[in-house]
Amino acid sequence: MAALLNPTARRLAVAASRRLATPPAVEPLVAHWSTQARHNSSLVEVNGGFAEMVAGTQRYYVLGGKGGVGKTSLAASLAVKFANHGEPTLIVSMHPANSLGDTLEQDLSGGKIVPVNGVDSLFAAEVGHVNAKEESSSFPSSMSNILGKIGLSVLADPMGINKLHEMLLKTPGSGEAVAISKLMQIVELQESNKFRRVVLDTGATGHTLNLLSAATLMGKFLSMANKALNVASSYPALKSVFDPAKIDELRQQIAGVCDIMQDPQLTEFLILTIPTVMAIAESSRFHASLKKDGAPATRLIINQVLPPSASECRFCGVKRKEETRALNMISADPELGGLKLIQAPLQDVEVKGVPALRFFGDVVWK
């Protein structure tokens with residue numbers, strides 16, 4: 001088994017085996033570990049609820065949280081877990097950085113869906129990285145997809161595509177518009193039953209909320225535009241450029257995406273955080289905003305929880321006190337107190353590559 005793991009996974013496996021193998025000489029330390037473990041368990045529920053996920057009706061899993069809490073590693077480990085369970089899975093990174101490819105140790109540039117090396121039934125794509133040079137090649141399938149649906153494909157002609165694209169990318173909310181267009185394509189793929197599960201690795205909390213808000217605002221704007229065009233249908237020149245039927249079709253598609261994201265039977269939002277006071281406070285505001293947008297979360301994953309230790313240096317002692325204070329905030333917080341809590345222990349190595357993600361997933365998603 002060890003020979004099949006990459007160096008990172010081997011280090012994780014060795015660390016786990018050392019924690020499991022407890023020789024008689026260190027029996028006094030076990031009592032300390034057990035006491036500390038019980039202390040941690042009283043604060044968080046150490047149960048990933050994976051069996052519940054598999055048995056559930058949800059097809060989309062949206063992982064969000066502040067930057068630097070380990071969203072990509074946790075999202076990738078969940079996707080690997082689903083795929084290893086025999087369920088065709090797609091993981092999509094909507095993060096502006098190319099972090100998913102780094103985590104999977106595979107080139108995912110280009111925004112296309114590709115099979116993940118080393119895992120059957122797992123596919124991945126990065127769609128959140130938007131810049132003029134890279135998006136120009138995929139423009140027909142993103143922004144112009146929206147323009148074409150409302151009858152403005154004439155603006156995306158080859159002569160003007162670069163200038164138009166540059167203008168659109170400088171427009172506030174353009175990144176969310178491109179992401180929504182690609183999310184619509186993902187939903188279409190899901191409806192074709194190619195994938196049983198779709199795991200969405202979103203950007204920071206603000207990006208996730210902007211995505212939900214942008215979809216709602218675009219739907220409302222298109223609804224108003226369609227009504228206005230119906231009123232102005234007596235103007236043939238206007239009607240020849242703007243097609244009300246196409247605008248209404250696009251509005252319905254965007255509304256469909258919003259409905260899916262807000263349907264607890266189809267989509268589950270998971271809030272990721274770390275045990276610090278600032279992160280917990282932001283997670284509380286994040287959940288409140290999700291509920292306001294009609295997309296409440298069900299689970300709170302606390303990543304980088306300090307493992308039990310037989311000895312406490314001054315630094316470790318201070319960090320553990322800060323962690324306990326942060327964890328105690330959860331049960332008292334009106335937004336987070338009712339969520340299902342999952343503990344993800346701090347690892348001493350970076351979790352990269354499929355073997356390490358598989359190991360990490362077995363630790364977290366139990």
Side-chain angles (χ1 to χ4, degrees), residues 39-50 52-53 60-79 81 91 93-97 99-100 103 128 199-212 267-293 295-308 318-348 350-351 357 360-361 363-366:
H39 175 63
N40 285 344
S41 297
S42 67
L43 296 172
V44 292
E45 174 191 342
V46 188
N47 184 354
F50 183 72
E52 182 184 10
M53 291 182 180
Y60 300 88
Y61 296 84
V62 185
L63 285 79
K66 74 184 297 294
V69 300
K71 291 187 298 294
T72 302
S73 297
L74 285 162
S77 68
L78 178 59
K81 182 91 172 182
I91 178 169
S93 173
M94 308 191 81
H95 199 284
S99 54
L100 180 59
T103 299
V199 179
L200 297 177
D201 171 28
T202 66
T205 51
H207 180 268
T208 308
L209 296 173
N210 287 343
L211 183 64
L212 293 171
T267 303
E268 178 176 350
F269 279 79
L270 299 94
I271 298 177
L272 275 56
T273 189
I274 55 176
T276 66
V277 171
M278 290 182 61
I280 298 298
E282 181 169 333
S283 298
S284 177
R285 294 191 296 269
F286 183 36
H287 188 223
S289 298
L290 285 175
K291 289 197 300 183
K292 185 178 179 181
D293 287 328
T298 55
R299 302 175 203 268
L300 176 67
I301 295 89
I302 309 168
N303 194 22
Q304 301 177 15
V305 175
L306 291 173
V318 172
K319 291 296 292 182
R320 200 173 296 280
K321 287 181 180 179
E322 291 181 352
E323 179 181 279
T324 301
R325 178 188 173 196
L327 293 173
N328 284 334
M329 288 176 59
I330 296 174
S331 58
D333 190 283
E335 293 295 337
L336 304 178
L339 297 178
K340 299 177 182 178
L341 305 177
I342 299 172
Q343 173 178 296
L346 177 67
Q347 303 296 321
D348 59 355
E350 190 174 18
V351 181
L357 288 168
F360 187 53
V363 171
V364 178
W365 310 107
K366 298 177 181 178

- Query: Side-chain contact, heavy-atom cut-off 4.5 Å: Leu300 with Lys340?
  - Reply: no
- Hey, mind stepping through Ile302 and Ile274 against side-chain contact (heavy atoms from CB on, under 4.5 Å) and telling me if it holds? CA-CA 5 Å; Ile302 309 168; Ile274 55 176; 5.9 Å; no
- Between Val277 and Arg325, is a side-chain contact (heavy atoms from CB on, under 4.5 Å) present by the stated rule, with each step listed? CA-CA 7 Å; Val277 171; Arg325 178 188 173 196; 3.9 Å; yes
- Determine yes or no for a side-chain-to-main-chain donor-acceptor pair under 3.5 angstrom, with Asp333 supplying the side chain and Glu335 the backbone. yes
- Is the side chain of Thr202 donor-acceptor paired with the backbone N or O of Leu63 at a distance under 3.5 Å, no angle test? yes
- Query: Do the side chains of Val199 and Tyr60 get nearer than 4.5 Å, heavy atoms only?
  - Reply: no
- For Ala281 and Met329, the nearest pair of non-hydrogen atoms, with its separation, is N-CE, 4.5 Å
- Main-chain N/O of Gly65 paired with Lys71 side-chain donor or acceptor, under 3.5 Å: yes
- Message: Is the shortest side-chain heavy-atom distance between Leu272 and Asn303 below 4.5 Å?
- Response: no
- Task: State, yes or no, whether a side-chain contact exists between Phe360 and Gln347 at a heavy-atom distance under 4.5 Å.
- Result: yes
- Message: I'd like to know whether NZ of Lys291 has more than 12 heavy-atom contacts from other residues, nucleotides or ligands below 6.0 angstrom.
- Response: yes
- With a 4.5 Å heavy-atom cut-off, do Ile280 and Leu327 have their side chains touching? no
- If you round to the nearest 0.5 Å, how far is CD of Glu282 from OG of Ser289? 10.0 Å
- Task: Enter the distance from Asp201:CG to Ser93:OG here, rounded to the nearest 0.5 Å.
- Result: 4.5 Å
- Item | Residues Val351, Thr103; criterion side-chain contact (heavy atoms from CB on, under 4.5 Å); working and verdict | CA-CA 7 Å; Val351 181; Thr103 299; over 6 Å; no
- Item | Heavy-atom side-chain proximity of Glu322 to Thr276 below 4.5 angstrom | no
- Message: Looking at every heavy atom in both Leu336 and His287, which two are closest together, and how far apart are they?
- Response: CD2-CB, 4.3 Å
- Donor-acceptor side-chain pairing of Ser99 and Thr72 below 3.5 angstrom: yes
- Do the side chains of Tyr61 and Leu200 get nearer than 4.5 Å, heavy atoms only? no
- Task: For Lys81 and Trp365, indicate whether the former's side chain and the latter's backbone hold a donor-acceptor pair under 3.5 Å.
- Result: yes
- Please confirm whether the backbone N or O of Asn328 pairs with a side-chain atom of Ser331, one donor and one acceptor, at under 3.5 Å? yes
- Query: Please walk me through it: do Leu74 and Val69 pass side-chain contact (heavy atoms from CB on, under 4.5 Å)?
  - Reply: CA-CA 9 Å; Leu74 285 162; Val69 300; over 6 Å; no
- Query: Do the charged groups of Arg299 and Glu52 touch, with an N to O distance under 4.0 Å?
  - Reply: yes
- Task: Grab the two heavy atoms, one from Gly68 and one from Gln304, that are nearest each other, plus how far apart they are.
- Result: O-NE2, 3.8 Å
- Using a 4.5 Å cut-off on heavy atoms from C-beta on, say whether the side chain of Val62 contacts that of Leu270. no
